[in-house]
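Reckoned from all heavy atoms, side chains included, excluding hydrogens, waters and symmetry mates.
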Amino acid sequence: MIRIENLKKKFKKLQVLDDINALFAEGQVVSLIGPNGSGKTTLIKTLLGLVKPDSGKIFTNMQPIGNDPAYREQIGYMPQIGRYPDNMKVGQLFTMMKDIRMKEEAALDTDLLVKFNLASIFDKAMRTLSGGTRQKVSAALAFYFSPAILILDEPTAGLDPLSSEILKCKIMQEKQKNKLILITSHILSDLDDLTTH
């Protein structure tokens with residue numbers, strides 16, 4: 001599903017990605033493990049087209065990602081820290097994302113929306129939310145459009161133990177649907193029971 005060839009990225013003098021080669025297939029839950037600052041988020045942002053590599057190629061479903069952003073439609077992304085417009089209400093955020101991403105009427109995955117009880121805070125402004133609640137919003141948005149590829153950057157950071165378990169169960173359910181799931185973490189024990197690679 002995703003193939004990375006000879007990927008390099010440098011920020012000034014710091015070599016962040018140095019000749020990365022990888023192949024990620026459907027049905028895999030791949031954990032990218034490493035200490036803070038080791039390049040995990042840079043790799044993810046490169047896959048998403050948010051960071052331009054200095055050299056190398058990335059393919060999704062045998063097609064180079066190039067300058068065509070259409071490949072992103074099959075990706076659900078949960079950032080390490082979700083940044084949203086301060087005055088936007090939670091419900092408005094979900095409506096806006098639906099308007100942007102949905103070309104035709106399709107079934108939405110509202111599983112996390114329900115399990116995290118986010119409908120009860122639809123009228124709250126994003127600026128009023130705690131870090132953990134923002135994480136729940138980010139998680140629900142990542143799964144919302146039933147993407148074939150899920151990229152989750154430190155997904156359990158800031159979540160309480162119950163919410164963390166709900167998210168892990170959801171990841172296991174999506175794995176059973178033969179999706180590709182990439183997860184970053186600097187804590188290996190967080191991902192032991194989820195990871196295939």
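The aromatic rings of F94 and Y144 lie perpendicular to each other, with more than 60° between the two planes, well past the 30° mark.
Taking CD1 from I65 and CD1 from I58, the interatomic distance works out to 4.0 Å, rounded to the nearest 0.5 Å. K170 contributes atom NZ, which lies 6.5 Å from atom CZ of F143 (distance to the nearest 0.5 angstrom). Here CZ of R101 is found 10.5 Å from CG of L108. Values are rounded to the nearest 0.5 Å. Here I149 contributes atom CD1 and Q28 contributes atom CD; the two are 11.5 Å apart, rounded to the nearest 0.5 Å. Atom NZ in K115 sits 7.0 Å away from atom SG in C169 (nearest 0.5 Å). Taken from CG in N61 to CZ in R3, the straight-line distance is 11.0 Å, to the nearest 0.5 Å.
Smallest separation of non-hydrogen atoms from A139 and F116: CB-CE1, 4.1 Å. Here the shortest heavy-atom pairing between E154 and Q135 reads O-NE2, 3.6 Å. The shortest non-hydrogen separation linking A125 to N87 is CB-O, 4.2 Å. Taking both residues in full, the closest heavy atoms of K13 and K10 are given as C-CG, 4.1 Å, listed atom of the first, atom of the second, then distance. The two residues S164 and T156 make their nearest non-hydrogen contact at OG-CG2, 3.3 Å.
In this structure, F11 and V51 have side chains that are in contact, with non-hydrogen atoms separated by less than 4.5 Å. Counting only heavy atoms from C-beta outward, the side chains of T60 and M1 never approach each other to under 4.5 Å. Residues L167 and M172 fail the side-chain proximity criterion, which asks for heavy atoms closer than 4.5 Å. Inter-residue side-chain proximity for K136 and L112 is flagged as unmet; no heavy-atom pair is nearer than 4.5 Å. In this structure, the side chains of I183 and V29 come closer than 4.5 Å at one or more pairs of heavy atoms. The closest side-chain heavy-atom distance from I75 to P147 is not below 4.5 Å. Annotation: side chain of Q80 is in contact with side chain of T41 (closest heavy-atom distance under 4.5 Å). Using a 4.5 Å cut-off on side-chain heavy atoms (C-beta onward), R134 and R83 make no contact.
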* Under the side chain to side chain contact (heavy atoms under 4.5 Å, CB included) criterion, do I121 and K89 qualify, and how do the steps go? -> CA-CA 9 Å; I121 59 164; K89 293 187 170 152; over 6 Å; no

* Asked: Between I181 and V30, is a side chain to side chain contact (heavy atoms under 4.5 Å, CB included) present by the stated rule, with each step listed?
  -> CA-CA 6 Å; I181 304 166; V30 179; over 6 Å; no

* To do: Might you work through the side-chain hydrogen bond (donor to acceptor under 3.5 Å, both in side chains) test for S146 and D109, ending with a clear yes or no?
  => CA-CA 6 Å; S146 302; D109 184 344; 4.6 Å; no

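Between D54 and K9, at least one side-chain N (NZ, or NE/NH1/NH2) sits under 4.0 Å from a carboxylate O, which counts as a salt bridge. By the 4.0 Å N-to-carboxylate-O rule, E5 lies too far from K57 to be salt-bridged with it. Using a 4.0 Å cut-off between a side-chain N of Lys or Arg and a carboxylate O of Asp or Glu, K40 and D153 do not qualify as a salt bridge.
Both L48 and I4 belong to a single network of hydrophobic side chains, linked directly or stepwise wherever heavy atoms of I, L, V, M, F, W or Y lie under 4.5 Å apart. Two different hydrophobic clusters hold L47 and I33 under the rule that ILVMFWY side chains link at heavy-atom gaps under 4.5 Å. Both M78 and I100 are part of a single hydrophobic cluster, where members link through side-chain heavy atoms under 4.5 Å apart. Hydrophobic clustering of Ile, Leu, Val, Met, Phe, Trp and Tyr side chains at less than 4.5 Å, counting indirect connections, keeps I81 apart from L159. Hydrophobic clustering (side-chain heavy atoms under 4.5 Å, transitive across Ile, Leu, Val, Met, Phe, Trp, Tyr) groups I171 together with L150.
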Please output the side-chain donor-acceptor pairs of residues 17-25 that fall under 3.5 Å, not counting sequence neighbours, one pair per line with the distance.
residue, atom, partner, partner atom, Å
D19, OD1, N6, ND2, 3.0
N21, OD1, N6, N, 2.8
N21, ND2, D19, O, 3.4

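Using a distance-only test at 3.5 Å, with no hydrogens or angles considered, a donor-acceptor pair links the side chain of T46 to the main chain of T42. Under a 3.5 Å cut-off, the side chain of T95 and the backbone N or O of G91 do form a donor-acceptor pair. Between the side chain of S130 and the backbone N or O of T133, at least one donor-acceptor pair lies under 3.5 Å.
No side-chain donor-acceptor contact under 3.5 Å links Y77 and S138.
Around the NZ atom of K177, the shell of radius 6.0 Å holds more than 12 heavy atoms that belong to other residues, nucleotides or ligands.
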